[in-house]
Amino acid sequence: MTITKDIQAIDSAHYMHPFTDHKSLAAKGARIITKAEGVYIWDSEGAKIFDAMSGLWCVNVGYGRKALVDTAAKQMLELPYYNSFFQTTNVPAVKLAEKIIKLAGDNYSHVFFSSSGSESNDTNLRMVRHYWTTLGQPERTVIISRNNAYHGSTVAGASLGGMGGMHAQGGLPIPGIVHIEQPYHYGLAPNEDRDAFGIRAASWLEDKILEVGADKVAAFIGEPVQGAGGVIIPPKTYWPEIQRICDKYGILLICDEVICGFGRLGKWFGSQLLGARPDLMTFAKGVTSGYIPLGGVVVGKRVADVLIDKGGEFNHGYTYSGHPVACAVALANIEILESEGLVDRVLHETGPYLAEKYAELAKHPLVGGAETCGLVAGFVLMKDKQNHIAFDEALEVGMICRGHCFANGLIMRAVGDRMIIAPPLVTTKAQIDEMIALIYKCLDATLLDLKTRGLL
Ligand SMILES: *Cc1c(COP(=O)(O)O)cnc(C)c1O
């Protein structure tokens, strides 16, 4: 087959990839993914790979869903596009907004649509500041976020996020955004009682509010479970305490549900599981299972009532806000999640099963801090876990492990030395067994490799 080499050459010559060092990519050539079905993808050399990352946390109903394809085709013929700017609307956008509000619950009344998670967080930033200005408190502008958070890659999204590497390029974060430490128990205080640590980690929000001045803080933003930061699952005490602190100072709570929303944690939204009542919820990814781009913000009544009653025109929106094809596909995707009972299955069956398997995996000599929540999971590769000694970052042990995963037919992502998965919500127990067997195989290969290289 020459298609691989040909496409790789053109890829290097013309395609600038996201989050990629092109010099090192060109040296080995990109892997060309050519087809997919269920939980598997195939590359141009015919290798079959278990996609334990659901693409990029999004293909929740699995690949090859004809119902989504047919819905898109039908909607494209009927009305491929129209905007919602000119006092106009369209049926799929209206029906999807109604459906999402039903899933979100009584606290919410409206949905603002975008095409991605990043755009939705830009919307959040402008919406919360417009909210406070409308209420006569324009000095409330500061948004508090967390280190290692991921809120997207636009200027506002990357600024809200807490990734040092992203802040280092392009003069970020923009003013008015500050960060506190993340609630990473295993990484920051493994010997402290987990629940006590959760309360202490939440107290950093209160410290920051007092430092900034409570009357200057507009909102706190956080992912229910931090995803791209390495699947950081907070202690169960954390979110209720964060909620209490937000309430105490009257500041808005934004939950970025781009990964956790639409069933990943076993509830329609992660905040419903973890004990928060956000005023705004960001969504994208799983809303369409990635078949077509769509994102948005679920707006709580507290904010919507003020903006609609007194806010006047919100001078903000996107050409593709409420795109009829994307909204129709989202409705069909939610229909699949409901009719196949996938969200409940994560809560009661596959989530607990994965948790059991990860508890066993924790005994592997390389594995520290193994944790799951619904169908996300992570662990960190440790040099000497008895004495809590990590590998030297410069060794990029996570990347070594990821290489062994790729070679053995498994997509598992490395965030530093944290190895993370987020398999499709359709993954069966038998497929979880298959995935876990692959993980053991890759860990053993990594262990052998590290010993051979003299790193252990
Ligand atoms: C992926 C992600 C985003 C950004 O979404 P895009 O569609 O890539 O813009 C924002 N927040 C979280 C939590 C994400 O995981």
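For clarity, every value in this text was computed on a predicted model and none was experimentally measured. Each ligand, and each atom within it, is numbered from 1 in the order the structure gives.
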Given that the side chain starts at C-beta and the backbone is N, CA, C, O, which of these parts of [X] lies under 4.0 Å from ligand 1, counting heavy atoms, or is it both or neither?
X      : value
Glu119 : neither
Glu223 : side chain
Tyr150 : both

Ring centroids only, cut at 6.0 angstrom: are [X] and [Y] within range, meaning strictly under it?
X      : Y      : answer
Tyr40  : Tyr63  : no
His323 : Tyr82  : no
Phe269 : Phe262 : yes

Considering only protein heavy atoms, which is closest to atom 7 (O) of ligand 1, and at what distance to one decimal place?
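Closest protein heavy atom to atom 7 (O) of ligand 1: Gly117 N, 3.0 Å.
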Closest to atom 11 (N) of ligand 1 (judged by heavy-atom distance), picking from Leu160, Asp256, Asp122, Leu56:
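It is Asp256 that holds the nearest heavy atom.
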When rounded to the nearest 0.5 angstrom, what distance separates CD in Glu192 from CG in Asp195?
10.5 Å
Is it true that a side-chain atom of Arg126 and a backbone atom of Asp122 form a donor plus acceptor pair closer than 3.5 Å?
no
Is the side chain of Glu257 donor-acceptor paired with the backbone N or O of Gly270 at a distance under 3.5 Å, no angle test?
yes
With a cut-off of 4.0 Å, which atoms of ligand 1 are near a heavy atom of Ile259?
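Once the distances to Ile259 are compared, the set is 15 (O).
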Within ligand 1, which atoms have a heavy atom of His151 less than 4.0 Å away?
10 (C), 11 (N)
Considering the options Leu375, Leu342, Thr427, which one meets the side-chain contact (heavy atoms from CB on, under 4.5 Å) requirement together with Thr350?
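For Thr350, the side-chain contact (heavy atoms from CB on, under 4.5 Å) check succeeds only for Leu375.
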If I apply the N/O under 3.5 Å rule, does Lys285 come out as touching ligand 1?
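Yes; the residue has a nitrogen or oxygen that sits under 3.5 Å from a nitrogen or oxygen of the ligand.
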Purely on distance, is any nitrogen or oxygen of Ser118 under 3.5 Å from one on ligand 1?
yes
